2 protein chains.
Amino acid sequence: MDNTGTPLDEEEKGEPTDIPGNKSAKTRERILDAAAFVFSRKGFSRTRLSDIAKVAEIKTGSIYYHFSSREELTAEVMARGVSYTYRTVMARLDELPEGTDNLTRLKTAIDVHLRCLIERSEYARANTKLNGQVPKHIQALHSSNEAKYGEVWRKLLRDAAANGQLRQDLNLSAIRMFILGAMSWSVEWYKPENGPAASVAHDFTEMILNGLIAPPPAT
Amino acid sequence: MDNTGTPLDEEEKGEPTDIPGNKSAKTRERILDAAAFVFSRKGFSRTRLSDIAKVAEIKTGSIYYHFSSREELTAEVMARGVSYTYRTVMARLDELPEGTDNLTRLKTAIDVHLRCLIERSEYARANTKLNGQVPKHIQALHSSNEAKYGEVWRKLLRDAAANGQLRQDLNLSAIRMFILGAMSWSVEWYKPENGPAASVAHDFTEMILNGLIAPPPAT
DNA sequence: GTCTATATATCGATAGAC
DNA sequence: GTCTATCGATATATAGAC
């Protein structure tokens, strides 16, 4: 599976990964990875614990040694999904040179978020797909994470608008939902045959920022 | 509930709607309306036949007099959803004056599709939400409808591009998915508090066609 | 046609052997 | 820690009365 979970922080723990005693931790990871994989493809309802068990190469009942319920497992997959995307976006924004203009920051965030979904993380995909499908109490556990991440986008748009770099006649709330929604839907359709992630992301940022209409021919 | 199902054709059948003998048909409609209502809010997995029955003011078992299975009911809701959107979009395109340019046609289609979702049809909403959630054989039954509708969009974009009205540097397939995806996601977030449908649709078409960047100040 | 009552299947969850 | 076996809850679907 691809890299996920704890992406950028704590890369070094100083311990080898296979000392005796963390066989449990490794199985737990395998279950989570399998769950993210299956959830992102089948959604919540069509995913059986037996499907996850099969991918994780374990028997269904054994999952309960690591998780107290299907919902707890689901909640952790979702939490990892937002957390990963949040941290990856923030890290890339922090890498930008001091004084980078707000439009570039917005464009960067769009690029990174979309790439998290289409090429970087099963967890990000799973979380996007599961949002709106899971029972209310799971959604409730999760909504503060989503809200925190949503705030990043509110600020990105607000800052760019405050600079006068964005058109002033559009409602930023709706715009934010359209941008995030268009990216979210990529979970439903994107496959490698649709072209490299970089080119898909490029086309998307171009459309969002500059629109689809051809510029007047240079004379 | 709102108007749906058979929107534009066959408005007159020449029969009063309550002659004896079509009590059945009316109950069937009530069940379908209820199903569209519940599905569009809770999705496939969280929707119980008992939820639908409650909204339809009928007992759960009675549904089976009208539909042979939950899946048959689901499939009909989805079929009505695409069909409604397809016909509503086509009807509006046909109303445009002869010789209307392809960019205006594209813009019109976006406006109508989005309005179908946010203000016109529970069926359209339900279909959008259910896509990607339902079991494979339902999806399979349904995919030819979706493909046919997808072809409308392929053509709209292709025609506008052929005219030179669209930028030539973007992949139209990905662009199509982004546009439809952004609209689809409205099912997850749109509420009347987000403003009138007309204004949301306006902001969306503006972003898609002209982008978010502020035009240079007139001098 | 719609009801009540019930059969059947599925799946999440638990118990206990190893 | 992971297995097998099974329980129990839920919900689709059916049978039969009215």
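Note that these values count all heavy atoms, side chains included, but never hydrogens, waters or copies made by symmetry. Values in this document were obtained by computation on a predicted structure and should not be read as measured data. Letters A, B, ... are given to chains in the order of the sequence lines, protein chains preceding strands, and every chain is numbered from 1.
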Problem - Within 6.0 angstrom of A:Glu151 CD, more than 12 heavy atoms from elsewhere - result: yes
d([atom1], [X]; [atom2], [N]) in whole Å:
X       : N      : atom1 : atom2 : value
B:Glu72 : D:dA13 : CD    : C1'   : 13 Å
A:Ile31 : C:dG12 : CD1   : P     : 14 Å
A:Arg70 : D:dT10 : CZ    : C1'   : 13 Å
B:Tyr64 : C:dT8  : OH    : P     : 16 Å
A:Lys54 : C:dC11 : NZ    : P     : 11 Å
A:Arg30 : D:dG1  : CZ    : C1'   : 11 Å
B:Leu49 : C:dT8  : CG    : C1'   : 15 Å
A:Arg46 : C:dC11 : CZ    : P     : 13 Å

Exercise for the section: For the pair B:Phe39 and B:Phe44, name the ring-plane relationship: parallel under 30°, tilted 30 to 60°, perpendicular over 60°. Expected result: parallel
Exercise for the section: Give a yes or no on whether a salt bridge exists between B:Arg125 and B:Glu122, defined as a side-chain N under 4.0 angstrom from a carboxylate O. Expected result: yes
Exercise for the section: Output yes when A:Arg80 and A:Glu76 qualify as a salt bridge under the 4.0 Å nitrogen-oxygen rule, no when they do not. Expected result: yes
Exercise for the section: Assess the pair B:Tyr149 and B:His113: is the distance between their ring centroids shorter than 6.0 Å? Expected result: yes
Exercise for the section: Tell me whether the centres of the aromatic rings in B:Tyr84 and B:Tyr123 are closer together than 6.0 Å. Expected result: no
Polar atom pairs (N or O), protein with nucleotides 3-6 of chain C, under 3.5 Å:
from: C:dC3; atom 1: OP2; to: B:Lys59; atom 2: N; distance (Å): 2.7
from: C:dC3; atom 1: OP2; to: B:Ser62; atom 2: OG; distance (Å): 2.6

Problem - Distance test, side-chain N/O of A:Arg48 to OP1/OP2 of C:dT10, below 4.0 Å - result: no
Exercise for the section: Ignoring backbone atoms, establish whether A:Ser68 has a side-chain N or O less than 4.0 Å from OP1 or OP2 of C:dA13. Expected result: no
Could you work out which one of [options] sits closest to the side chain of [X]?
X       : options               : value
A:His66 : D:dT2, D:dA13, C:dT2  : D:dT2
A:Ser24 : C:dA13, C:dG1, D:dG1  : D:dG1
A:Tyr65 : D:dT2, D:dA13, C:dC11 : D:dT2
B:Lys23 : D:dA13, D:dT2, C:dG1  : C:dG1

Exercise for the section: Would you verify whether the NZ or CZ of B:Arg41 falls within 45 degrees of the ring axis of B:Phe37 while also being under 6.0 Å from that six-membered ring's centre? Expected result: yes
